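See below for the structure under consideration.
Just so you know, residue 1 is the first one in the sequence shown, and it goes up from there. In this text the structure is predicted, and so the values were computed from the model without any measurement.
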Amino acid sequence: MLQSKIIKDPLYGFVEFSGHKEIGLKALLDSSYLQRLRRVHQLGFSDFVFPSATHSRFSHSIGVYHIAKRMLSLVEPDKVKGDWTKEGQACLAAALLHDVGHGMFSHAFEKAMTLFFDRNPELEKTKQKLKQAVNHEEVSKNIINSEEISEILFKSSGNDSGFVKKVTDFIAKKDESCIYTSIVSSQLDADRLDYAKRDPYFAGLSFGGVDLDWIIRNFNVEKNKESRFFCMNSKAYVSLEQFTVNLFQLYPTIYLHKKTRGMEYLFSVLMSKVMELIYQGSAEKCGISKKHPLVKFFDNPENLKIGSQLDDALFWGSLHSFADSDERDISRIARAMLRRKIPPHIDVWKMTENIASADQRFEKLTANQRTSAVNAICKNVCEDIKKDKDVWQDSFYYDTYDRPIYKPKMIMGGHPQQINVKNGGNILDIAQVSPLVASAATFNIHRIYYDEQLSDISRIEKKISDDIRRSTNLIEEYVNI
């Protein structure tokens, strides 16, 4: 009798583990490292803007597994009852484990440690292990090779000694020409297909209409001399176009929302200051004891069991202790986070657009030319101001991010790392078929967050405004008119 285990999911109805190989992989869900992902929010601080966006990386990982399994059924159609090849089984394991190394609040924790090292450059060499311990890709690899996870993988693969390496290689994209790698990590992978549906659903947004069933139904597995890859006929490629556009729109709407990034900034500053006191041997000034997991982690960053204690729940449980800290800045920031007092910011992009709109030369530019020019001006202005010691203060934080709609590879004949469309007798990159994707649209942010206690920021605002005006006067240097 075929074994089967089912998990309910609000997006897919249910996620099924069937057959002894998949049941073996399901054991990963009970491991301490996967269970920890229940306590790490998929969207970090986004619930401060979208209250229902509290879903976890655990539920996302299960969703990625489900989609990976559907994609895998096209690669190994004769194995759909669960009797996957070793590569197929490793692909599914990688889908479950792809996020296992993320720290508390995911990328925000990495940013916090970057800020800590920026403020303490003398530790760059002596604390390399600490730096590696917040790199989620490096941590994922170490966790998968840990005794607990590797033993589960070893048993589920029928005692295959090379199975663990297969899993880590898929996650690390060691072979970009491999179709199994593309299921785990590519521009149309199971990860993106899941969060493009899951994130807007839990945020309560009206868009996010990725037609997953139609996409998978219209996928074909093609091959050339180098590799096999997923491809779609041009008659159905609009669903892929819709996917790239919807994913792109999630960045300004959710991921790069000014309030969310403001909370990430508060968290990063707070954690960097806490780490500085721990480094100085004064953890008690933060309001925590020397036995606190953060102190243990700082002293022994290679210990995965200690590192796994650092989740969102630990931070929120410690926040009241930070609020009672003897260190004024730590206490103040912690209290601000408890009350959702998000720091103000200067939107350099908006300032640039407002000033540029008064210049008639900008009216002649296409949307892409205008975006490119404004982006270049913002970068130059912000980088110059950061170097101006008369204006720039330690409490300022320059937040910038560039997100293109798609990264074209333009490989004729198809490739696993691009979105492939069959047009006539040719297989092309979607950017060669879709005018919308080929538009090279980008979303950019250039914001300077500052301490709310600063009563006078007129100097930096004037400096920014003056620099923008000088730059717009030299618009020809940024774009051909």
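- The shortest non-hydrogen separation linking Pro343 to Tyr265 is CG-CD2, 3.5 Å.
- Within the model, atoms CD1 of Ile171 and OG1 of Thr181 stand 10.5 Å from one another, a figure rounded to the nearest 0.5 Å.
- When side chains are defined from C-beta on, Phe219 does not count as touching Cys231, because their heavy atoms never get closer than 4.5 Å.
- The list of side-chain hydrogen bond (donor to acceptor under 3.5 Å, both in side chains) pairs with a residue in residues 157-166, not counting sequence neighbours, reads Lys165-Asp169.
- From Gln432, atom CD reaches atom CD1 of Ile411 across 9.5 Å, with rounding to the nearest 0.5 Å.
- Ring pair His55/Phe202 is parallel by interplanar angle, where below 30° counts as parallel and above 60° as perpendicular.
- Between Tyr449 and Pro344 there is no side-chain heavy-atom pair separated by less than 4.5 Å.
- With values rounded to the nearest 0.5 angstrom, Ile330 atom CD1 is found 9.5 Å from Met271 atom CE.
- Looking at Leu97, Leu28, Val100 one by one, the single match for side chain to side chain contact (heavy atoms under 4.5 Å, CB included) with Tyr33 turns out to be Val100.
- Looking at Lys409 and Gln187, their side chains never bring a donor and an acceptor atom within 3.5 Å of each other.
- Cation-pi check for Arg38 over Phe58 is met; the charged atom lies under 6.0 angstrom from the ring centroid and within 45 degrees of its normal.
- With sequence neighbours excluded, the residues that form a salt bridge (charged side-chain N to carboxylate O under 4.0 Å, His left out) with Lys422 are Glu222.
- Neither side chain, Gln418 nor Tyr406, offers a donor N or O lying under 3.5 Å from an acceptor on the other.
- Contact detail for Asp311 and Arg39: the closest heavy-atom pair is OD2-NE, 2.7 Å.
- Salt bridge annotation for Glu137-Lys141: absent, with no cationic side-chain nitrogen under 4.0 angstrom from a carboxylate oxygen.
- Of all non-hydrogen atoms in Ala190 and Val64, the two that sit nearest each other are CB-O, 3.6 Å.
- The line from CD1 of Ile445 to OH of Tyr398 is 9.0 Å long, rounded to the nearest 0.5 Å.
- Taking the six-membered ring wherever Trp is involved, the centroid distance between the rings of Phe267 and Phe45 falls below 6.0 Å.
- For the pair Arg403 and Thr442, the minimum side-chain heavy-atom distance is 4.5 Å or more.
- Annotation: cation-pi geometry not satisfied between Lys223 and Phe229 (NZ/CZ under 6.0 angstrom from ring centroid, within 45° of ring axis).
- Using modelled atom types, one finds a donor on one side chain and an acceptor on the other under 3.5 Å when comparing Ser434 with Glu241.
- The distance from atom CG of Leu34 to atom CZ of Arg36, rounded to the nearest 0.5 Å, is 10.5 Å.
- A salt bridge links Glu264 with Arg261; the closest basic N to acidic carboxylate O contact falls under 4.0 Å.
- Shown here for Leu29 and Gln35, the closest heavy-atom pair between the two residues is O-NE2, 2.5 Å.
- Within 6.0 Å of NE2 in His107 there are more than 12 heavy atoms belonging to other residues, nucleotides or ligands.
- Salt bridge status for Lys5 with Glu16: absent, with no side-chain N to carboxylate O gap under 4.0 Å.
- A distance of 6.0 Å or more separates the ring centres of Phe105 and Phe109.
- Contact annotation: the side chain of Val164 never approaches that of Phe154 to less than 4.5 Å [non-hydrogen atoms, C-beta and beyond].
- Nearest heavy-atom pair, Pro416 versus Cys178, reported as atom, atom and distance to 0.1 Å: CB-O, 4.0 Å.
- More than 12 heavy atoms of other residues, nucleotides or ligands lie within 6.0 Å of CZ in Arg119, so this atom counts as buried by the packing criterion.
- No side-chain N or O of Ser106 forms a donor-acceptor pair with one of His136 less than 3.5 Å apart.
- Look at Lys305 and Glu148 and you find a salt bridge, because one of the NZ, NE, NH1 or NH2 atoms lies within 4.0 Å of a carboxylate O, short of that distance.
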Problem set entry | His98 and His60: CA distance, side-chain angles, deciding distance, ring-ring contact (aromatic ring centres under 6.0 Å, His included) verdict | CA-CA 10 Å; His98 77 285; His60 164 61; 5.1 Å; yes

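- Look at Arg198 and Asp194 and you find a salt bridge, because one of the NZ, NE, NH1 or NH2 atoms lies within 4.0 Å of a carboxylate O, short of that distance.
- Between Phe443 and Tyr251, the ring centre distance reaches or exceeds 6.0 Å.
- A salt bridge links Asp451 with Arg332: the distance from a Lys NZ or Arg NE/NH1/NH2 to an Asp or Glu carboxylate oxygen falls below 4.0 Å.
- Aromatic rings from His345 and His446 are positioned such that their centres are separated by 6.0 Å or more.
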